[in-house]
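Single-structure report; data block below.
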Amino acid sequence: MKPGILPPGIFGNNRTMVTPHYAVMPPEGILESRLPGFAKTKVHFQTSPQMGARFAQALLAMEPGGGTTQPREDGLEHFFYVLDGQVEIGVPEETRSLSAGGYAFVPAGSAYTVLADTAARVIWIKRRFEPAPGLGTPGHLFGSRQESPRVIKHTDGRAWQYLLGEARMEMDMEINILSFAPGTYFPFVETHIMEHGLFMLNGQGLYLLGRDWHECWKDDFIWMGPYVPQQFYATGWGETSYLLYKDVNRDVKL
């Protein structure tokens, strides 16, 4: 940067918005943390209960050889999605080497390891499991975006990929990838009980949250609390897609 030239946003201009009901978080403003039990790993927390969410989501930026220093088990269920690089993720029963688009679900009560073979970025989602009467704890799961079927529903040009399956009653969450052709949008404004964590994988678009439209790009994060009015409109020249967490299959708490 040349002397005397101010960087963009020097006077606080940015796309960040944090409210009690939703948040829009560009990556440049999410500062790094470090955690005991993780070596050569920067942790960028995107949402947590401190924001009002009932789950936590973070981006792990790992150097080669980085990751967990020993198996971890905290009683929570975990989901890992590899954005780039090569990562080995293990549970007691199995270890897999995952590249971009690979993912792993670790059930509550299971230990796990995450180790980077190369520089890598991984989305990490964790929450406290809510068991359902008569249904056991779901088992661990490995997969990849490349092998997950694309399903067109509701709107031409909008594809769904159900990474953990759809309507699996033993699961208390779903992780899906939604992909949009240019100009595609939700057929209506959604207002529902499910909470969301959304990570933009590629492309760009406009997200309606409450009464306001927010421009979102690749690597942005959005948290949506229950009942937030929401709609998405894909504005990029190519396909836009995002990774979407939601809580499902459980009754309301009174």
Side-chain angles (χ1 to χ4, degrees), residues 12-30 45-59 79 81 123 125 127-128 130 150-164 166-167 171-236 239-254:
N13 296 315
N14 66 92
R15 295 179 294 113
T16 303
M17 176 64 71
V18 178
T19 79
H21 305 291
Y22 71 85
V24 180
M25 309 277 284
E28 59 270 16
I30 304 176
F45 283 106
Q46 295 165 331
T47 194
S48 67
Q50 288 91 330
M51 183 182 281
R54 293 173 293 181
F55 69 105
Q57 181 163 328
L59 186 148
F79 177 84
Y81 183 88
I123 293 294
I125 297 170
R127 57 166 287 162
R128 193 166 300 283
E130 295 184 43
R150 290 167 61 100
V151 179
I152 302 296
K153 57 186 295 187
H154 304 150
T155 307
D156 289 341
R158 180 169 65 154
W160 295 65
Q161 292 176 278
Y162 296 96
L163 303 189
L164 300 181
E166 183 183 17
M171 286 280 192
D172 61 356
M173 67 173 175
E174 286 185 5
I175 308 288
N176 305 322
I177 293 177
L178 274 66
S179 300
F180 299 78
T184 305
Y185 52 88
F186 288 12
F188 47 79
V189 177
E190 296 184 1
T191 309
H192 54 65
I193 193 173
M194 284 83 78
E195 180 181 26
H196 285 315
L198 182 156
F199 184 83
M200 291 287 293
L201 296 172
N202 58 272
Q204 65 185 67
L206 293 171
Y207 228 106
L208 176 67
L209 298 166
R211 291 290 184 179
D212 299 318
W213 287 96
H214 299 267
E215 188 168 18
C216 48
W217 304 336
K218 181 178 181 293
D219 290 342
D220 283 355
F221 172 79
I222 298 175
W223 167 64
M224 290 171 268
Y227 298 112
V228 171
Q230 55 194 259
Q231 188 177 30
F232 181 72
Y233 178 67
T235 60
E239 184 176 79
T240 295
S241 62
Y242 54 69
L243 185 75
L244 186 72
Y245 157 89
K246 64 177 179 180
D247 52 343
V248 294
N249 303 334
R250 297 297 184 263
D251 202 353
V252 297
K253 294 181 179 180
L254 300 176

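All residue numbers in this chain count up from 1 along the given sequence.
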Look at the side chain of [X] and the backbone N and O of [Y], then say whether any donor-acceptor pair between them is shorter than 3.5 Å.
X: H196; Y: Y245; answer: yes
X: E174; Y: A167; answer: yes
X: E195; Y: R54; answer: yes
X: Q231; Y: F186; answer: yes
X: Q50; Y: S48; answer: no
X: D172; Y: E130; answer: yes

| message | Before you tell me yes or no, could you show the steps for F79 and M173 under side chain to side chain contact (heavy atoms under 4.5 Å, CB included), namely the whole-Å CA-CA distance, both residues' side-chain angles and the distance that decides it to 0.1 Å? | response | CA-CA 10 Å; F79 177 84; M173 67 173 175; 4.2 Å; yes

| query | Do NZ/NE/NH1/NH2 and the carboxylate oxygens of E239 and R150 come within less than 4.0 Å? | reply | yes

Hey, are the side chains of [X] and [Y] touching, using non-hydrogen atoms and a 4.5 Å cut-off?
X: I177; Y: W160; value: no
X: V151; Y: E166; value: no
X: R15; Y: W217; value: yes
X: Q204; Y: D220; value: no
X: L59; Y: F199; value: yes
X: M194; Y: M224; value: no

| Any idea which heavy atoms bring I123 and Q57 closest together, and the distance? | CG2-NE2, 3.8 Å

| message | Can you tell me which residue among L198, T16, L209 is in a side-chain contact (heavy atoms from CB on, under 4.5 Å) with V24? | response | L209

| field | Pair Y242 and F180, ring centroids less than 6.0 Å apart | value | yes

| request: May I ask you to check whether Y207 and F232 place their ring centers less than 6.0 Å from one another? | output: yes

